[in-house]
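Structure, as structure tokens:
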Amino acid sequence: MAMIPTAKILLVIENKKIETIIPIIVDHVIPNSTIHTDEHKTYQCLNKFGFEHKSVCNKYMFCDYATNVNSQAVESFNNSFKLEIKKRK
């Protein structure tokens, strides 16, 4: 499996509602991309928008070695960002 370079975008959003998150994903992610997320209900409709969606249950793990699905990179990026915000307060 070839690794494809990824880009990151960071936006502060008001909520985790479908109406908020899905338009951002559609505007910034290449169609037919594979998206790995946690099991938040908002992401369950990504297949309807032309993405291959795979999820992992972060309650138990951030990487499912059986399916090779993980959310480690995004969780690490998010935690680093939150830590930087705390440092600046």
Side-chain angles (χ1 to χ4, degrees):
M1 179 166 78
M3 293 299 293
I4 299 172
T6 59
K8 298 173 182 81
I9 180 170
L10 183 64
L11 301 170
V12 177
I13 58 174
E14 292 185 30
N15 58 59
K16 296 180 184 179
K17 294 180 181 177
I18 290 174
E19 306 84 43
T20 303
I21 293 177
I22 297 302
I24 294 168
I25 293 171
V26 169
D27 287 347
H28 295 282
V29 180
I30 297 170
N32 301 313
S33 293
T34 300
I35 300 175
H36 292 188
T37 69
D38 59 18
E39 292 185 323
H40 193 278
K41 65 182 178 180
T42 295
Y43 304 121
Q44 292 175 359
C45 68
L46 285 172
N47 291 336
K48 295 177 186 175
F49 292 90
F51 301 105
E52 181 178 354
H53 177 236
K54 298 180 179 181
S55 64
V56 64
C57 181
N58 287 349
K59 181 177 179 181
Y60 301 107
M61 66 188 109
F62 293 102
C63 185
D64 184 340
Y65 294 102
T67 62
N68 207 25
V69 174
N70 75 79
S71 60
Q72 289 174 308
V74 72
E75 293 296 336
S76 175
F77 183 71
N78 186 47
N79 288 337
S80 296
F81 179 70
K82 289 192 296 187
L83 181 62
E84 189 61 36
I85 289 172
K86 287 180 183 179
K87 286 180 185 177
R88 293 178 185 211
K89 286 186 176 181

Contact summary for Asp38 and Ser55, nearest pair of heavy atoms: O-CB, 3.6 Å
Rounded distance [0.5 Å steps], CG in Asn79 versus CD in Glu84: 13.0 Å
Could you point out which residue of Asn32, Ile35, Thr34 forms a side-chain contact (heavy atoms from CB on, under 4.5 Å) with Phe51? Ile35
Got a second to check how far His53's NE2 is from Gln44's CD, nearest 0.5 Å? 8.0 Å
Any heavy-atom pair between the side chains of Leu46 and Ile22 that's under 4.5 Å? yes
When rounded to the nearest 0.5 Å, the distance separating CZ of Arg88 from CD1 of Ile85 is 8.5 Å
Should we count CD1 of Ile30 as having more than 12 external heavy atoms under 6.0 Å? no
Working to the nearest 0.5 angstrom, can you tell me the gap between Ile25 CD1 and Cys45 SG? 8.0 Å
Membership question, hydrophobic clusters at under 4.5 Å side-chain separation (ILVMFWY): are Leu11 and Val29 in the same one? yes
Just wondering, do Glu14 and Thr20 contact through their side chains at under 4.5 Å, heavy atoms? no
Co-membership, hydrophobic cluster, residues Ile13 and Phe49, 4.5 Å side-chain: yes
Could you grab the distance from atom NZ of Lys41 to atom NZ of Lys17, nearest 0.5 Å is fine? 9.5 Å
